[in-house]
Asker: 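Below are the structure tokens for one structure; questions will follow.
Everything numeric in this text was worked out from a predicted model, so none of it was measured. Note that ligands are numbered from 1 as they come in the structure, with each ligand's atoms numbered from 1 the same way.
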Amino acid sequence: MLLHFILSLYTLPFTMALGTLQNPNTSAISRPNCPTHCGNVTVPYPFGIGKDTGCSLDNSFYVTCNSSYKPPKLFLGSTDDNIEIYSISETEFRIHNEFANRCYNRNGTISEDYDWSIELSAFTFSEKNKFTVLGCDDYSIIRGRNDGGEFSSACMGVCSKAQDVADNGQCPGVGCCQTSIPKGLNYYNITLNSFQNHTHVWSFNRCGFAFVGEEGTFVFQGTNDLSPEGGVWDRIDATVPVVVDWVIAGDTRNCSEPSACKENTSCYVVEGGGYRCRCNNGYEGNPYLDPGCQGMFQIYQYRLHSNYYYSGDYYY
Ligand SMILES: *[C@@H]1O[C@H](CO)[C@@H](O)[C@H](O)[C@H]1NC(C)=O
Ligand SMILES: *[C@@H]1O[C@H](CO)[C@@H](O)[C@H](O)[C@H]1NC(C)=O
Ligand SMILES: *[C@@H]1O[C@H](CO)[C@@H](O)[C@H](O)[C@H]1NC(C)=O
Ligand SMILES: *[C@@H]1O[C@H](CO)[C@@H](O)[C@H](O)[C@H]1NC(C)=O
Ligand SMILES: *[C@@H]1O[C@H](CO)[C@@H](O)[C@H](O)[C@H]1NC(C)=O
Ligand SMILES: *[C@@H]1O[C@H](CO)[C@@H](O)[C@H](O)[C@H]1NC(C)=O
Ligand SMILES: *[C@@H]1O[C@H](CO)[C@@H](O)[C@H](O)[C@H]1NC(C)=O
Ligand SMILES: *[C@@H]1O[C@H](CO)[C@@H](O)[C@H](O)[C@H]1NC(C)=O
């Protein structure tokens, strides 16, 4: 009995993989005749490439693949909207990050000042993002809005000597400050300010710096991250995305529409508005597209009972 149990656990992943391979329709990604990829980014329906091409559910899910970039880049809406998408999952997508910064001259005058704001028309920023401020004489304010109204929060990066700044990856408020943002924002802006115009810390920190990005992707490297020469800007650009939650607009009533979710799926309403479909347990595929989700479980059962992996000695 025990041996049987252990064997089942051991072979389960293999049978599942086989099931997937044997069923080409489990890989229905986009609508028929619509591109499934842009460069190496997969574009699953309800997202679809091209405006009014019938590839996306509606205009909020329309994306553009711009092949003048090598490799091609995917954008939410048009290229001009300038929101580059790195990846799309069943509930989220990740986009390119931008940051606010303010740099000072030795005498305390501002040499560079860049505030940042971003607005999404149909989706919201995920709670998985954190607001991070880098600097030794800086406070930054993030302001945003969601259905409930306005939101604002601030974070303060303070230190007096370079030696006080730890480089153990933590962001404790000394040179680096991190805080959460609420769920459901569809807009935010970031501004930076300084207490003493960096005049006391200028030798090792002449800029303040603030951004929103996926938790865990930014690891603070101490004083290295307090000057632009340390490469922190490029690192954030390349490794810290912003996570966006996507839903289909609507409510519980949409779930009961026959067109909402396909076979072997369930429809669920998302807190904050909208709904999504998901494959039932043991099924795989795109729950928004025909033929619906396909049963890996059925295939697994078949293999189990046809004694595919078990020798007679161990099989009950
Ligand atoms: C997969 O689905 C497409 C479209 O729904 C259909 O034309 C095709 O015959 C299916 N292939 C298999 C192997 O079921
Ligand atoms: C896509 O390609 C880029 C650059 O070629 C690479 O950095 C990135 O890791 C790739 N992403 C995936 C999901 O393969
Ligand atoms: C692709 O991007 C380039 C550079 O930003 C832009 O000039 C061009 O119009 C874009 N093409 C499309 C199809 O959006
Ligand atoms: C401050 O320094 C900058 C750059 O060195 C210089 O251009 C500016 O004139 C200075 N301003 C004052 C008030 O000294
Ligand atoms: C920043 O966002 C807040 C909240 O939505 C808004 O009241 C404010 O006008 C925005 N500031 C700028 C400069 O756009
Ligand atoms: C910082 O600079 C601003 C404008 O450049 C100036 O108005 C302010 O007085 C300065 N503050 C300090 C503490 O030097
Ligand atoms: C959701 O339901 C509303 C009202 O019944 C309808 O107008 C809308 O088109 C539906 N959305 C989808 C995606 O079917
Ligand atoms: C959905 O699941 C049932 C068993 O629960 C199966 O008979 C049916 O073929 C599945 N539909 C599709 C499209 O895979």
Asker: Would you mind telling me if ligand 7 is within reach of the side chain of R253, the backbone, both or neither, using heavy atoms under 4.0 Å?
Answerer: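 Under 4.0 Å from ligand 7, R253 contributes no heavy atoms.
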Asker: Tell me every residue that passes side-chain contact (heavy atoms from CB on, under 4.5 Å) with A238, counting only those two or more places apart in sequence or in another chain.
Answerer: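 For A238 there are no side-chain contact (heavy atoms from CB on, under 4.5 Å) partners, ignoring immediate neighbours.
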Asker: For ligand 7, which atoms sit closer than 4.0 Å to a heavy atom of E257?
Answerer: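 With E257 as reference, the close atoms of ligand 7 come out as 1 (C), 2 (O), 10 (C), 14 (O).
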Asker: Could you list the cluster mates of V247? Members are the ILVMFWY residues connected by side-chain heavy atoms closer than 4.5 Å, either directly or through other members.
Answerer: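 ILVMFWY cluster around V247 also holds Y268, V270.
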Asker: Under a 4.0 angstrom heavy-atom cut-off, which atoms of ligand 7 come close to N254?
Answerer: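 With N254 as reference, the close atoms of ligand 7 come out as 1 (C), 2 (O), 3 (C), 8 (C), 10 (C), 11 (N), 12 (C), 14 (O).
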Asker: For Y275, take its heavy atoms, then give the atoms of ligand 7 lying under 4.0 Å from any of them.
Answerer: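 Result: 13 (C).
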Asker: Please state whether the sulfur gamma atoms of C207 and C103 sit closer than 2.5 Å to each other.
Answerer: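 C207 pairs with C103 as a disulfide (SG atoms under 2.5 Å apart), so yes.
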Asker: So that I can tick it off, tell me whether R94 and E214 are bridged by a salt bridge, with the cut-off set at under 4.0 angstrom between side-chain N and carboxylate O.
Answerer: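 A salt bridge is present here (some side-chain N lies under 4.0 Å from a carboxylate O).
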Asker: I want to check a possible cation-pi pair here: R206 against Y104, using under 6.0 Å from ring centre and within 45° of the ring axis as the test.
Answerer: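 No cation-pi geometry.
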Asker: Near ligand 5, which residues have a heavy atom under 4.0 Å away from one of its atoms?
Answerer: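 The 4.0 Å shell around ligand 5 contains R143, G144, R145, E150, Y187, N189.
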Asker: Could you check whether the SG atoms of C261 and C267 sit less than 2.5 Å apart, since that is the cutoff I want to apply?
Answerer: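 The answer is no, since C267 and C261 keep their SG atoms 2.5 Å or more apart.
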Asker: According to side-chain contact (heavy atoms from CB on, under 4.5 Å), who are the partners of S266, at least two apart in sequence or on a separate chain?
Answerer: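 Applying side-chain contact (heavy atoms from CB on, under 4.5 Å) to S266 gives R278, N280.
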Asker: So, C177 with C155, SGs under 2.5 angstrom?
Answerer: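 C177 pairs with C155 as a disulfide (SG atoms under 2.5 Å apart), so yes.
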